[in-house]
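Naming convention: chains lettered A, B, ... in sequence-line order (proteins, then strands); numbering from 1 in each chain. As the structure is a prediction and not an experimental result, all values here were calculated from the model.
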There are 2 protein chains.
Amino acid sequence: MSSDESPAGVRTLTAPDAASAAALVTDGLGADALVALFGRCTVDYEGRAASELGPGDRHVMLKPDGAALVHTDEGQKPVNWQSPGCEHDCRATEGATVVESRRTNPEESLVVRFSTVAHAAAFDVSDPETPEVIGTEADLKRRVLEEPSLVEDGFTPLATERKTPAGAVDVYGEDDAGRTVVLELKRRRVGPDAVGQLDRYVGALRRDLHADAEVRGVLVAPSVTGRARALLAERGLEFVPLTP
Amino acid sequence: MSSDESPAGVRTLTAPDAASAAALVTDGLGADALVALFGRCTVDYEGRAASELGPGDRHVMLKPDGAALVHTDEGQKPVNWQSPGCEHDCRATEGATVVESRRTNPEESLVVRFSTVAHAAAFDVSDPETPEVIGTEADLKRRVLEEPSLVEDGFTPLATERKTPAGAVDVYGEDDAGRTVVLELKRRRVGPDAVGQLDRYVGALRRDLHADAEVRGVLVAPSVTGRARALLAERGLEFVPLTP
DNA sequence: CGCTGGATGTCGCAG
DNA sequence: CTGCGACGTCCAGCG
């Protein structure tokens, strides 16, 4: 086993015994560090669902906010995980290094048992930044409100997030003939689900407004799938192609 | 800077210079290792959307399948990422360690620039296991097929994944009066979206079958939200409480 | 490849 | 806290 402490706020152990690994994890979490373990382990989860994972080499990350992530060499998603808000606990038990992360509401537990820890590290993290993302549905909405003719000539937005019994409508307005128009905005190509959503809003408004009020539903998205297009036609809804 | 090579298939560097860090990353990826970097960096993403992230301490994981994950001290989701299938590239440029992950279809790139690498590691991963998950929708389906009376006395399943113009129905069968019954199964409490889905299937079957065929739609889930319950009533659909 | 729907989805926001 | 919908959702399965 070897250990290292750098000025950069990193503490590591390579091939530690179980007690040393557990101590590093416990100390690290106590100091709000981000803790990483790599080695041979089994994983057991029980909560909303349940799962078991036999022995294998995995990378386990424990965050000071209570999140836990178990990663293998494949996939973007962790093979097992626990949400933020958990309590982490790590101890050496009969030569094994055992990490437990528990939460309530829902009651969930994740247990990782390391037969061998190949590497353990505690990182002091300072990250003042939050990322700025461009190209979201909010951007699309901004674009439509700034230039309503992108949807159609004579379209006038009157409200955003207008409440209906079926939920809030993205954009609510009227066309040049005074008909009510409901927009459902999607930042990317859409399937049948988005059409169903729009249809629920249109239906709710038709019932809510005067019986003589005409309500048009318009899906605004880069494109639609075939099934979605058929569903639009069937429900008498419209589609306007527009990209964020 | 210090380095370490253990018999357990782990290579690490603490506080390496840019060239050493880049070499470890490149060698590790070349050997199908899982690579982790920790240090002060900026992150730029461009693809389906776009984002920028100023300087901060983050943990970057590069997987041999092409996935890249950038984690801060908070959250279950990476603050930035790249999907499996990317090409990773790491080089030392003007004292900085720069990681680039690129893919096509869609064209996306993630660039992480480390001003300082506090720690770098390459892990040899061997993981033969895939996790067994209990409590999924598939389990609920199994339960219903084994004991159809859980849905209602006299219910007879005839097919699963039966195709309709609106998509495949979870379970298709008939009740004791010979009426067609469509089940939509959900492993957890459901909202309006699931009702919309069921409604589409029922509508498609009503159009597809003989005009005289009666079609019942039944949502099978642990529970429903208020809005979903209202929508069920409005569409003349039913609900049976059942937990996986 | 594209389409579809599930997921221990996660996350953020409003009531 | 629950409900609801967005998300660079991810992911498997199928045509």
Item to complete: Begin with the C-alpha distance, continue with both residues' side-chain angles, and end with the deciding distance and a verdict on salt bridge (charged side-chain N to carboxylate O under 4.0 Å, His left out) for A/Arg200 and A/Glu184.
Response: CA-CA 11 Å; A/Arg200 292 202 300 277; A/Glu184 175 61 30; over 6 Å; no
Worksheet item: Do the rings of B/Phe38 and A/Phe123 sit parallel, tilted or perpendicular, given the 30° and 60° boundaries?
Response: parallel
Discussion item. Using a 4.0 Å heavy-atom cut-off, does A/Pro192 contact any base of the nucleic acid, only the sugar-phosphate backbone, or nothing at all?
Written reply: sugar-phosphate
Discussion item. Using a heavy-atom cut-off of 4.0 Å across all strands, would you classify B/Ala166 as base, sugar-phosphate, or nothing?
Written reply: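 Contact class for B/Ala166: sugar-phosphate only.
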Discussion item. Please tell me whether A/Tyr45 and A/Glu108 have a donor and an acceptor in their side chains that are separated by less than 3.5 angstrom.
Written reply: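 A pair is found: one side chain offers a donor N or O, the other an acceptor, under 3.5 Å apart.
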Worksheet, complete the sentence: Protein-proximity profile, nucleotides 6-15 of chain C, B/S/- by nucleotide at the 4.0 Å heavy-atom cutoff, equals SSBSSS---S
Interatomic distance at [atom1], [N] relative to [M], whole Å:
N      : M      : atom1 : answer
D/dA6  : D/dC10 : C1'   : 14 Å
D/dC7  : C/dA7  : C1'   : 14 Å
D/dC11 : C/dC11 : P     : 15 Å

Worksheet item: At their closest point, which heavy atom of A/Leu37 faces which heavy atom of A/Val117, and how far apart are they?
Response: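 Taking every non-hydrogen atom into account, CD2-CG1, 4.0 Å.
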Rounded to whole angstroms, how far apart are [atom1] on [X] and [atom2] on [N]?
X        : N     : atom1 : atom2 : result
B/Arg189 : D/dG5 : CZ    : P     : 14 Å
A/Asp193 : C/dT4 : CG    : P     : 9 Å
B/Glu161 : C/dG5 : CD    : P     : 10 Å

Practice prompt. Tell me which nucleotide among D/dC4, C/dG2, D/dG5 gets nearest to the side chain of B/Arg227.
Written response: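 From the listed options, D/dC4 comes nearest.
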Discussion item. Within the structure provided, determine whether A/Thr225 and A/Pro192 are in side-chain contact (heavy-atom separation under 4.5 Å).
Written reply: yes
Item to complete: Side-chain contact test, heavy atoms from C-beta onward, threshold under 4.5 Å: evaluate it for A/His71 versus A/Met61 and give yes or no.
Response: no
Discussion item. Both B/Arg103 and B/Ala228 contact DNA chain D. Taking the nearest nucleotide for each, which residue is further toward the 5' end?
Written reply: B/Ala228
